[in-house]
Q: 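Handing you this structure, nothing more for now.
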Amino acid sequence: MHVRGTVAGEVDVKSVSTSYGESDLAEVPVRLADDGDGDSGNGNESMRAERLARDAGGEPNVADGHETTTVTLWNKWAESADYLEPGMELLVTDAKEEEYQGETRYATTGDSYVVVEPSFLVNVTSIRNWVECPRLYYLNKLSGVPLNYPVVKGTLVHEVFGDLLRDRPLAESIEARVDERGLELGLLGETPEAVAEDVRENAKAIEGWLEQGRLTEEDSWRSEQLLISETFGIRGRADAIRRGAPVELKTGKNLKKEPRFKDKVQAACYALLLEEHGGEVDTGTLLYTKNSVLDRNEETGDLTPAKDFAMGDGLLKFVVRQRNELAAMEVAGDVPTGYEGSAKCEYCFEQDTCMVVSGRLDQESKAGQIGQPLPEEEREYFQRFYRAIEEERREVHREYAKLWEQDARERADDDRALIDLEFVEKRPLEGGRWELRARRTSGENSKLREGDLVLASDGHPVRGDSELAMIERLDDEVVLTADEPVEVTRLDVYPSELTTDRLLVAMHDALLKGDERRKDILFGRTEPEFEAIPETFIDNNDAQNEAVTKAVGARDCALIHGPPGTGKTYTIARAIRAMVERGERVLLSAFTNRAVDNALEALLEQLEDVIDPDRVVRVGSESGVRDDMEPYRLERSGEPEDRVAELQNAQVVAATTATCGSRVMKEQAFDVALVDEAAQLTEPGACAAINLAERFVLVGDHEQLPPVVRAENDLTESLFERLIDCHPEAGVMLDRQYRMNQRIQAFASTEFYDGELRPAEPAVAARNLDDLDGVSRESLPDDLRDPVSFVEVEGEDSQYTDSEEAARIADLIETYEAAGLDRSDIGIIAPFRAQVSEISSHVPEDVAVDTVDRFQGSSQEVIIVSFTATGTLEGPIFEDYRRINVALTRPKRALVLVGDPTALATDPVYERMLEWATA
DNA sequence: ACTCTGCAGAGAGGA
């Protein structure tokens with residue numbers, strides 16, 4: 001039986017004498033996981049337990065209830081008790097039940113595994129690093145892996161290995177794979193010929209070994225399998241599986257008889273994963289492709305590339321104990337020192353880095369410290385943001401846990417998956433990959449989109465046959481590409497830690513590699529300086545002109561505050577043009593692809609006669625970049641020299657901040673980084689972009705929506721907002737708006753911009769529906785003739801929807817249409833997604849309906865807002881007033897508010913809004 | 001309590 005629960009108190013570790021001699025044991029008070037009364041998740045919990053029990057050959061049985069009991073961890077498992085803290089989750093497999101003084105207790109058996117925080121999914125490579133040295137694991141996380149040839153070559157050989165297993169001809173595979181990495185190889189100064197030759201050398205070893213296998217007996221192969229273990233809390237991608245056993249490919253040389261220990265550890269992780277998926281694993285294979293048959297040692301006769309080893313019980317348990325230590329440390333938020341392990345620092349490649357990081361951050365470390373610690377405020381900043389980013393990571397981990405917490409049926413109301421697909425076909429693609437097709441059987445909504453990486457499974461993403469796949473098309477039919485042919489009936493979001501990783505690296509780089517003057521600015525120790533620029537850039541808008549002047553003349557940074565409709569994008573484009581004319585290299589960035597493409601579009605107009613369009617490059621994935629910007633997109637594959645020239649010669653590079661944190665972009669340097677929508681960026685997110693440049697310009701509006709973060713923490717305030725407070729003299733507010741009629745802008749102006757926002761010209765102030773072709777306000781009912789109107793509804797009591805408001809809005813659309821308005825000129829905004837779909841079902845398809853959050857950045861002739869609140873205005877969505885600022889500043893000519901006045905009057909800001917709208 | 005965008009992924013190697 002398996003015991004799962006939460007540590008409920010202090011752990012008692014002791015030594016006792018048994019008939020076998022001295023034994024260690026730890027007594028852990030555990031509050032057993034709830035398995036009682038049939039609310040959601042429990043059925044599944046017991047399913048899981050049953051399955052585990054079945055796998056272990058036992059009776060389906062699980063400890064249940066809320067009571068606290070004692071679980072005894074024997075011998076080496078007592079080690080895992082050292083870092084157990086109250087509140088941590090604990091799982092003991094194959095435990096035995098004991099009666100002790102009338103109480104039921106549990107204890108480990110010889111077959112048991114003890115898993116600490118099983119829902120914290122640890123990467124196989126993380127365990128591998130950790131086993132080598134816990135401090136190495138930490139350093140890797142902080143600074144990432146830079147672009148270097150051995151790593152790129154290693155990746156290439158792995159890809160070719162996978163291709164060979166999928167029967168792709170060697171020559172074709174090498175050519176294609178080398179071509180795909182053109183950009184990276186170019187940056188490394190490699191030629192395709194030399195790389196291909198190098199890869200061919202390694203591939204020989206693989207081919208020879210595959211040949212051997214094919215001669216002896218029937219071999220069963222599978223390449224590149226993504227595996228997740230809910231029991232052991234491990235996830236990873238095995239290079240290959242042969243006859244059920246893991247095969248790990250290593251591009252290095254190993255002339256010893258035995259595989260390297262850390263390589264065995266890696267294979268052991270895959271063995272655990274495979275066992276959970278119903279396998280019986282007793283061997284592992286390491287394939288060292290730099291070893292050739294010529295290396296064969298005459299004495300041992302054993303130095304061929306492939307080394308098999310027996311997968312012992314001791315190794316598997318060791319691996320789980322190491323994983324436990326890692327998970328416990330992460331959950332507690334501690335930093336490893338290196339003393340946890342036994343690695344010798346003088347043999348370590350990272351010794352210098354380790355000492356420098358320890359010295360700069362004043363951390364305890366086995367390798368010792370070098371250099372002066374950073375000033376205390378910087379160390380404090382590091383810790384604060386490290387904690388915040390790791391909290392975000394934990395949220396991502398919680399999403400992994402959701403993959404198995406709920407079973408398929410319960411997921412129907414969850415938008416993280418598409419269930420109930422009907423498998424249509426699998427078709428081999430050129431290059432050994434597969435195209436999978438499935439049909440959607442219901443119209444369910446999900447957050448999955450084209451270009452997303454998902455877990456494609458035959459029913460269950462963790463327990464079933466599943467594979468990482470790319471969504472190529474998503475309408476009535478789903479088209480996917482994947483390495484292996486899964487008969488897909490279900491898709492799940494595959495959570496990614498990529499952005500969290502990059503945030504951490506960006507923060508690390510800003511503090512540990514950052515320029516001192518830059519840091520003085522970021523920490524408010526020095527005032528930003530500006531060069532005097534006599535030129536006039538924009539002659540009909542003083543604030544815009546000042547913004548461009550500041551951006552161009554900034555020695556350190558400039559901050560442009562752009563309220564709705566104030567021509568932010570134009571100002572950015574004009575500023576970049578001026579920089580380009582001065583011969584500077586400019587990075588244009590923003591958090592979202594949409595913002596990057598919008599800014600780029602405006603910029604291209606400005607640059608038309610200034611530079612060759614070839615010198616403007618958009619870096620990003622095909623699915624992220626908008627179609628009309630595709631011609632500027634930097635292709636990754638191709639002739640290395642050409643690809644790298646395209647990037648290096650570009651005078652303007654546009655990319656999202658996440659992409660700025662990528663290995664390729666980190667190799668680039670710029671004179672200026674210009675970041676749009678900067679108020680939506682966390683501090684480390686903004687750092688990813690500004691790290692690459694000498695100076696920076698942030699453009700945004702902190703009165704609109706803040707960064708999207710999963711956890712409540714220090715990441716919610718943007719760098720833009722903090723710097724505006726800290727260096728007001730570096731900021732300029734664009735104060736003239738070109739969007740809204742005077743009546744419409746009035747409320748936002750007084751409420752959010754101290755009354756300083758005003759129409760740019762009389763024509764803007766006087767805008768109304770009569771300006772539109774074929775529309776006459778005369779034909780509208782009285783109460784809709786004003787630019788701002790309020791439509792009272794009683795409302796309905798349900799929480800996130802209001803069908804009465806939806807129906808009323810449908811009427812409004814008809815009314816506007818009757819008055820000659822085009823449906824495509826109307827936008828409807830609601831706070832909740834549930835209400836968005838409710839409204840969508842009431843109105844014609846070509847009317848844009850969306851949440852406030854998604855409407856940010858766009859505008860419409862007419863905007864209708866559905867407040868979806870009856871009686872009261874409670875709920876976090878209404879608390880952030882920046883959200884109403886966004887909603888109310890989208891229209892140009894007419895704004896209609898639909899809601900229950902009683903509810904709105906319960907909050908002072910909404911009450912003022914009501915007064916303004918009904919005046 | 002709700003809102004929700006980024007990322008190909010995880011792992012690539014060197015004594």
Side-chain angles (χ1 to χ4, degrees), chain A residues 123-126 128-129 140 145 147-159 181 184 224 226-227 235-239 248-256 260 262-263 266 288 290 344 346-350 396 415 447 449 451-455 467-471 481-483 494-503 590-596 620-624 636 655-663 677 680-682 685 688 705-710 799-800 830-836 850-856 868 874-880 882-883 886:
Chain A
N123 260 342
V124 171
T125 32
S126 296
R128 180 178 197 255
N129 286 337
N140 229 324
V145 180
L147 187 67
N148 60 12
Y149 180 63
V151 169
V152 176
K153 189 189 97 179
T155 311
L156 274 170
V157 174
H158 276 77
E159 286 168 345
R181 304 224 163 236
E184 281 159 291
E224 307 265 333
L226 177 76
L227 294 154
R235 71 172 200 272
R237 199 162 157 91
D239 287 342
E248 246 317 286
L249 184 70
K250 295 291 159 199
T251 335
K253 204 170 192 134
N254 176 12
L255 296 181
K256 301 241 171 64
R260 268 190 285 266
K262 61 182 176 185
D263 297 341
Q266 194 175 356
Y288 294 96
K290 231 183 190 172
K344 286 208 166 53
E346 53 271 36
Y347 297 153
C348 178
F349 289 102
E350 303 295 341
V396 177
D415 61 357
K447 63 191 297 182
R449 281 170 310 175
D452 281 359
L453 211 61
V454 291
L455 268 183
E467 186 66 34
L468 219 45
M470 162 77 80
I471 304 183
T481 50
D483 280 347
Y494 186 67
S496 165
E497 285 178 62
L498 191 97
T499 18
T500 354
D501 287 341
R502 288 187 180 171
L503 289 184
F591 180 59
T592 63
N593 277 305
R594 202 181 59 179
V596 171
S621 66
E622 202 183 330
S623 57
R636 284 181 59 163
T656 60
T657 48
T659 301
C660 287
S662 69
R663 277 202 301 238
E677 307 270 13
Q680 284 189 72
L681 273 167
T682 62
L705 291 169
V708 172
V709 287
R710 291 181 170 91
Q799 212 179 358
Y800 304 122
F832 307 109
R833 267 197 297 171
Q835 178 69 351
V836 167
D850 225 324
T851 54
V852 187
D853 302 58
R854 302 234 283 202
F855 250 103
Q856 175 151 323
T868 327
E874 273 166 31
I877 199 118
F878 298 109
E879 278 165 21
D880 194 336
R882 290 174 286 195
R883 197 167 266 112
V886 174

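Below, chain A is the first sequence line, B the second, and so on; all start at residue 1. What you see is a predicted model; the values in this text were computed from it and never measured.
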Q: To the nearest Å, how far apart are A:Y288 OH and B:dA12 P?
A: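 Going from A:Y288 (OH) to B:dA12 (P), I get 12 Å.
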
Q: Please tell me if the side chains of A:R663 and A:V151 come closer than 4.5 Å, counting only heavy atoms from C-beta onward.
A: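 Yes, close enough: below the 4.5 Å cut-off.
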
Q: So, is A:Y800 close to the B:dT3 phosphate, meaning a side-chain N or O under 4.0 Å from OP1 or OP2?
A: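 Checking B:dT3 against A:Y800, no side-chain N or O comes under 4.0 Å of OP1 or OP2.
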
Q: Quickly work out the A:L226 CG to B:dG9 P distance and round it to whole Å.
A: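 So the two atoms are 12 Å apart, to the nearest Å.
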
Q: Is the phosphate of B:dT3 approached by A:Q835 (side-chain N or O, under 4.0 Å from OP1 or OP2)?
A: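 Answer no for this pair, as no side-chain N or O of A:Q835 is under 4.0 Å from OP1 or OP2.
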
Q: Given 3.5 Å as the limit, does a donor-acceptor pair link the side chain of A:H158 with the main chain of A:D239, or not?
A: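 Such a contact is absent between A:H158 side chain and A:D239 backbone.
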
Q: Are OP1 or OP2 of B:dC4 and a side-chain N or O of A:T851 less than 4.0 angstrom apart?
A: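 Yes, A:T851 has a side-chain N/O under 4.0 Å of OP1/OP2 on B:dC4.
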
Q: Taking 4.0 Å as the cut-off, does a side-chain nitrogen or oxygen of A:T251 come that near to OP1 or OP2 on B:dG13?
A: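 So the side-chain polar atoms of A:T251 do come within 4.0 Å of the phosphate oxygens OP1 or OP2 of B:dG13, strictly under.
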
Q: Are side-chain heavy atoms of A:T656 and A:T592 found at a separation under 4.5 Å?
A: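 Answer no - side chains too far apart.
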
Q: Taking for each residue the nucleotide of DNA chain B with the nearest heavy atom, is it A:C348 or A:E248 whose nucleotide lies nearer the 5' end?
A: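 First, find each residue's nearest nucleotide; the 5'-ward one identifies A:E248.
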
Q: According to a strict under-4.0 Å criterion, is A:H158 in side-chain N/O contact with OP1 or OP2 of B:dG11?
A: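 No, A:H158 has no side-chain N/O under 4.0 Å of OP1/OP2 on B:dG11.
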
Q: Does the side-chain ring of A:F349 lie flat on the base of B:dG14, meaning centres under 5.5 Å and planes less than 30 degrees apart?
A: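 So A:F349 counts as stacking on the base.
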
Q: Base, sugar-phosphate, or nothing for A:R663, non-hydrogen atoms under 4.0 angstrom?
A: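 Answer is base: heavy atoms of A:R663 come under 4.0 Å of a base.
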
Q: With a 4.0 Å cut-off on heavy atoms, is A:V124 in touch with a base, just the backbone sugar-phosphate, or nothing at all?
A: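 Result for A:V124 = sugar-phosphate.
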
Q: Working to the nearest 0.5 Å, report the span between CZ of A:R235 and CG of A:L226.
A: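 So the CZ of A:R235 and the CG of A:L226 are separated by 8.5 Å.
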
Q: According to a strict under-4.0 Å criterion, is A:R833 in side-chain N/O contact with OP1 or OP2 of B:dC2?
A: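 For A:R833, the contact criterion (side-chain N or O under 4.0 Å from OP1 or OP2 of B:dC2) is not met.
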
Q: Does a side-chain N or O from A:S496 land closer than 4.0 Å to OP1 or OP2 of B:dG9, or not?
A: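 Result: yes.
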
